[in-house]
Amino acid sequence: MQLGLVGLGRMGGNMRERLRAAGHEVVGFDHNAELSDVASLAALAEKLESPRAVWVMVPAGVTDATIDQLADVLGEGDIIIDGGNSRFSDDAPRAERLNDRGIGYIDVGVSGGVWGRQNGYALMVGGAQEHVERLMPIFEALKPAGEFGFVHAGPVGAGHYAKMVHNGIEYGLMHAYAEGYELLAASELVTNVPGVFKSWREGTVVRSWLLDLLDRALDEDPELAELSGYTEDTGEGRWTVDEAVRLAVPLNVITASLFARFASRQDDSPAMKAVAALRQQFGGHAVRKR
Ligand SMILES: O=C(O)[C@H](O)[C@@H](O)[C@H](O)[C@H](O)COP(=O)(O)O
């Protein structure tokens, strides 16, 4: 089928390739003219037959502006799909705005990163049944080949909600492997830390794709000597914790792994300075000066 695709960066560009390889006709637009198939959103809309479907794959900060511009060149019966990492709470207002113009809306949490082109993208979909059914050929082409990797999770917003929780879990899993790595590296007994991770890839209870990727990273740099521990986040973990607070759900591991990222950005910890100062105040304990 035909699909418009807006945003042809690392994710969108690879998705275009996977869809084309499956026989779909993709018209892509990107502000980078070298990547783009057409010169503007209006040209993209013109190239597609009605009813049109246009997938938006842009960074979270510019999604609303992109969708609003797109809505100006689309019409009654068309569908917009947001496959970016949007906050789930943005979805319902968007769907309402588009619904006023007769345009349908689907939110999709997409997982798989730069490996998705070859392995397929796991898709977590939110939206009305009739809209989701129309897009099924596209979802079929993007998803992994096996039995799993696709869910229609619920109404508008449910796809991004599922992806948010997925990413919260991702934070926690990564952090557990990371803490294990640090302890093994600190130990006086284990002399082959990368070898331990490699051995765990088969047969163990903790084997997983993230473990495979950590093994890959350790193959490249066994002591991670080239890296700083400074770790960014793009919002999903914070939204997961926000939801946990709203619903009073105890998210101990995920919250700790989010906070560990914040700590990774500090040269020194103001909180620990206060602890050291207090120990000195009440107990006369020694402090280290800078
Ligand atoms: O499932 C995935 O493919 C990843 O989760 C992907 O979506 C992205 O790499 C994260 O959004 C990074 O999230 P942070 O920047 O918050 O770590």
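Owing to the predicted nature of the structure, the values given are computational and were not obtained by experimental measurement. Both counts, for ligands and for their atoms, begin at 1 and track the order of listing. The first residue of the sequence shown is numbered 1, and numbering continues consecutively from there.
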(request) Give the C-alpha distance, both sets of side-chain angles, the deciding distance and a yes or no for salt bridge (charged side-chain N to carboxylate O under 4.0 Å, His left out) between K163 and D107. (result) CA-CA 10 Å; K163 179 65 175 21; D107 58 287; over 6 Å; no

Validation: residues 268-284 side-chain donor-acceptor distances under 3.5 Å, sequence neighbours left out:
residue	atom	partner	partner atom	Å
D268	OD2	R290	NH2	3.1
S269	OG	A271	N	3.3
S269	OG	M272	N	2.9

Inset, instruction - Without swapping roles, check the side chain of H175 against the backbone of I254 for a donor-acceptor pair under 3.5 Å. - result: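 Not at all, since once roles are kept as given, no pair shorter than 3.5 Å links the two residues.
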
*With sequence neighbours excluded, tell me which residues meet side chain to side chain contact (heavy atoms under 4.5 Å, CB included) with R238.*
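Checked R238 against side chain to side chain contact (heavy atoms under 4.5 Å, CB included); matches are D233, L258, F262, R265.
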
Going by an N to O cut-off under 4.0 Å, is there a salt bridge joining R101 and D68? no

Hits for side-chain hydrogen bond (donor to acceptor under 3.5 Å, both in side chains) against Q2, two or more places apart or cross-chain, chain-then-number order -> E25

Less than 4.0 Å from some atom of ligand 1, heavy atoms are found in residues N85, S111, G112, G113, K163, H166, N167, E170, Y171, D233, T234, R261

